[in-house]
2 protein chains.
Amino acid sequence: MPGIHVNPEIREAEEILRKALALKEVIVIVGSLSIDYVGRSRSRLTPGERIVIIKPDGSILVHRPTGYKPVNWQPDSKIIDVFTHDSEVLVIRSIRGKPREVLTMYFSSVKLIYTDKLVDRGEFAMYIDEHEIRDLLYKHPEIIEEGLRIIEKEKPLRNGYIDLFGVDNRGRPVIIELKRITATREAVLQLYNYVIEYEKTTGIKPRGILVAPSFSTKAVESLNKLGLERREISLQKLWREYLKPSQTISRMQSLMDYLGKGREG
Amino acid sequence: MPGIHVNPEIREAEEILRKALALKEVIVIVGSLSIDYVGRSRSRLTPGERIVIIKPDGSILVHRPTGYKPVNWQPDSKIIDVFTHDSEVLVIRSIRGKPREVLTMYFSSVKLIYTDKLVDRGEFAMYIDEHEIRDLLYKHPEIIEEGLRIIEKEKPLRNGYIDLFGVDNRGRPVIIELKRITATREAVLQLYNYVIEYEKTTGIKPRGILVAPSFSTKAVESLNKLGLERREISLQKLWREYLKPSQTISRMQSLMDYLGKGREG
DNA sequence: ACGTGTATGTCGTTC
DNA sequence: GAACGACGTACACGT
């Protein structure tokens with residue numbers, strides 16, 4: 001049973017919030033506030049109208065009228081205090097330990113408080129992430145190179161992991177680093193580090209191949225300079241050619257599923 | 001003038017949203033929906049209750065009842081379509097080009113629609129970010145080492161930038177990499193890369209110093225192995241000792257400012 | 001708890 | 001527009 005409170009007085013708002021926090025409800029507040037943050041950094045935001053979301057796990061988000069990112073936030077917090085100052089300012093203070101971070105919101109007025117126990121048992125599935133690509137190339141190494149045999153995926157090194165480790169048709173070890181987006185110089189460094197590490201540990205100089213849909217200019221330069229290789233592989237193509245049709249998402253399919261299941265939600 | 005609509009019918013909701021989008025209002029929707037995303041990746045979320053924020057710049061956020069991060073989103077979108085399917089499903093589709101991404105939300109029911117033109121002219125100020133630390137150490141190199149002279153900050157190399165570049169009291173060039181937080185092996189690699197780059201370009205072997213509040217075990221190992229140095233510098237200490245008291249934020253100060261300004265907001 | 005790597009990362013800034 | 005690096009990155013996973 002959601003609670004909807006329009007233009008509550010400061011004292012009223014305090015009451016509502018205390019109750020909602022105790023009940024572990026999701027809270028949405030729209031109002032005029034200023035914010036102080038002290039922790040990994042320090043920041044101050046002077047007054048203005050924003051949307052605040054407080055979740056039962058202690059996550060807090062403050063959104064301005066534009067932009068994707070919250071202007072202030074708390075990924076989670078153990079303690080959320082609510083109090084008022086002379087019945088004129090509503091203060092919400094969220095404290096997090098490790099690292100110690102304190103977020104304090106000062107509301108001068110509240111336009112809306114929405115409180116609700118949201119029921120969300122939905123399942124989230126993601127496709128074409130690095131993990132899925134890795135599994136696919138593990139099964140189909142010929143996509144990278146004819147005659148390549150993959151021996152191990154996520155092979156642990158002293159530091160970090162090799163995405164795919166294999167042997168080419170001449171018996172030379174091959175270290176493969178995957179990127180799902182344009183590979184930059186950073187990715188080359190990562191691969192180079194693994195190659196060096198492997199060579200130091202085993203005394204054998206391996207091939208290093210960077211697999212990505214595209215490569216930055218600097219990445220190509222660095223690869224050449226360091227004697228590393230690259231393979232351009234398009235994810236969209238992989239998706240279309242190798243992944244099961246049953247996994248594809250069509251809008252109509254989604255709508256059908258939805259109409260079948262929607263009424264439970 | 002905010003619009004608050006509780007449990008609107010699907011057709012009603014469609015109307016409200018169209019109007020709010022045309023007026024470039026901020027929109028908050030609470031309801032039961034499923035979501036498809038196709039773009040840089042693909043994802044599907046089956047039905048459940050969530051909070052959706054749509055901003056006038058086309059940013060969209062979908063929040064589940066827990067967690068800091070939105071389960072689905074669009075950083076900005078040129079086109080937002082709203083339509084219904086047999087008056088049973090409300091569909092909001094957001095399309096972004098470059099990269100092409102399509103986010104589609106299917107609502108089976110809507111508990112709340114809040115629409116408002118939020119007025120936010122607040123100023124956001126952040127202190128103790130990397131930039132500020134760099135400027136401080138530029139002015140006070142003795143914090144890093146007695147006799148050190150800084151010649152350049154953000155010195156461009158063929159790849160990337162050196163945070164601080166200087167000369168020690170024996171005339172040897174020094175490359176300094178700064179980290180605000182615990183330095184990991186990645187930071188060491190970055191420094192190492194700059195040192196090698198510099199040596200290759202000039203033929204002179206510089207000192208490399210990693211400056212951070214703390215160092216991971218692996219970072220220390222790597223530093224030793226590569227012949228690089230480290231300086232442990234606490235940001236909090238820097239803040240207290242070197243930055244002007246006028247910049248410090250006290251809660252009471254904030255509250256006072258706020259009470260002075262709050263009524264305009 | 002620390003370390004390591006991914007992310008539909010996002011975001012600023014520079015080339 | 002591409003690319004490069006920082007971020008209060010968050011988050012998951014392994015030790």
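Note: NZ (A/K98) to C1' (D/dG8) measures 16 Å, nearest angstrom. At whole-Å resolution of the value, CD1 in A/I181 and P in C/dA7 are 8 Å apart. The CG atom of B/D57 sits 14 Å away from the P atom of C/dT10 (whole-angstrom rounding). Rounded to whole angstrom, the span from the OH atom of B/Y127 across to the C1' atom of D/dC7 amounts to 19 Å. Going from atom CD1 of A/I133 over to atom P of C/dT6 covers 11 Å, rounded to whole Å. The nearest whole Å value for the distance from the CD atom in B/E186 to the C1' atom in D/dC7 is 15 Å. Across the protein-nucleic acid pair, A/H63 atom NE2 and C/dT10 atom C1' stand 12 Å apart, rounded to whole Å. Counting to the nearest Å, the C1' atom of C/dT6 and the CG atom of A/D163 are 10 Å from each other.
Heavy-atom contacts from other residues, nucleotides or ligands closer than 6.0 Å to NZ of A/K139 number 12 or fewer.
The cationic atom of A/R42 (NZ for Lys, CZ for Arg) does not lie both less than 6.0 Å from the six-membered ring centre of B/Y127 and within 45° of the ring axis.
In this model, the phosphate group of D/dA6 is not approached by any side-chain N or O of B/R134 to a distance below 4.0 Å at OP1 or OP2. Side-chain N/O atoms of B/T217 include one lying less than 4.0 angstrom from OP1 or OP2 on C/dG3. Of the side-chain N and O atoms in B/K179, one or more sit less than 4.0 angstrom from OP1 or OP2 of D/dA6. Phosphate proximity of D/dC4 to A/S216: present, with a side-chain N or O under 4.0 Å from OP1 or OP2.
Using a 4.0 Å heavy-atom cutoff across all strands shown, B/G39 reaches no nucleic acid atom at all. Residue contacts for B/Q74: at a heavy-atom cut-off of 4.0 Å it reaches no nucleic acid atom on any strand shown. Contact annotation for A/Y194: backbone-only contact, meaning every heavy-atom pair under 4.0 Å involves sugar-phosphate atoms and none involves a base.
Under a 3.5 Å cut-off, the side chain of B/S94 and the backbone N or O of B/S77 do not form any donor-acceptor pair. Between the A/D163 side chain and the A/L178 main chain, a donor and an acceptor come within less than 3.5 Å of each other. Not one N or O on the side chain of B/T104 forms a donor-acceptor pair closer than 3.5 Å with the backbone of B/R93.
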**Complete:** With B for base contact, S for sugar-phosphate-only contact and - for none (protein heavy atoms under 4.0 Å), nucleotides 10-15 of chain D reads SS--S-

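Comparing D/dG5 with C/dT8, their P atoms are spaced 22 Å from each other, to the whole Å. Remark: the separation of the P atoms in C/dT4 and D/dG8 is 22 Å, to the nearest Å.
Checking A/F215 against B/Q190, the closest nucleotide of DNA chain D that is more toward the 5' end is the one next to A/F215. When each of B/S41 and B/A219 is assigned the nucleotide of DNA chain C with its nearest heavy atom, B/A219 is the one assigned upstream, toward the 5' end. Map A/N72 and A/T184 each onto its nearest nucleotide of DNA chain D; the residue landing nearer the 5' end is A/T184.
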Cut-off 3.5 Å, no hydrogens considered: what does the side-chain donor-acceptor table look like for residues 51-60 of chain A, sequence neighbours left out?
{"unit_1": "A/K55", "atom_1": "NZ", "unit_2": "B/H63", "atom_2": "ND1", "d": "2.9"}
{"unit_1": "A/K55", "atom_1": "NZ", "unit_2": "B/R64", "atom_2": "O", "d": "2.8"}
{"unit_1": "A/K55", "atom_1": "NZ", "unit_2": "B/T66", "atom_2": "O", "d": "3.3"}
{"unit_1": "A/K55", "atom_1": "NZ", "unit_2": "B/G67", "atom_2": "O", "d": "2.8"}
{"unit_1": "A/D57", "atom_1": "OD1", "unit_2": "A/S59", "atom_2": "N", "d": "3.0"}
{"unit_1": "A/D57", "atom_1": "OD1", "unit_2": "A/S59", "atom_2": "OG", "d": "2.7"}
{"unit_1": "A/D57", "atom_1": "OD2", "unit_2": "A/S59", "atom_2": "OG", "d": "3.1"}
{"unit_1": "A/D57", "atom_1": "OD2", "unit_2": "B/G67", "atom_2": "N", "d": "2.7"}
{"unit_1": "A/S59", "atom_1": "OG", "unit_2": "A/P75", "atom_2": "O", "d": "3.0"}

Going by atom type alone, with no hydrogens or angles, which donor-acceptor pairs under 3.5 Å involve a side-chain atom of residues 182-190 of chain B and a protein atom two or more places apart or on another chain?
{"unit_1": "B/T182", "atom_1": "OG1", "unit_2": "B/S214", "atom_2": "OG", "d": "2.7"}
{"unit_1": "B/T184", "atom_1": "OG1", "unit_2": "B/E186", "atom_2": "N", "d": "3.3"}

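Nearest nucleotide to the A/K218 side chain, out of D/dA3, C/dT8, D/dG5: D/dA3. Listed candidates were C/dT6, D/dA6, C/dT8. Nearest to the side chain of B/E177 is D/dA6. The side chain of A/M126 lies closest to C/dT8, out of C/dT8, D/dG5, D/dC4.
Pairing partner, C/dT13: D/dA3, with both Watson-Crick or wobble hydrogen-bond distances short of 3.5 Å.
A donor atom on one side chain and an acceptor atom on the other are found under 3.5 Å apart for A/Y37 and A/E101.
In plain terms, the two heavy atoms of A/Y138 and A/E152 that are nearest each other are CE1-C, 4.4 Å.
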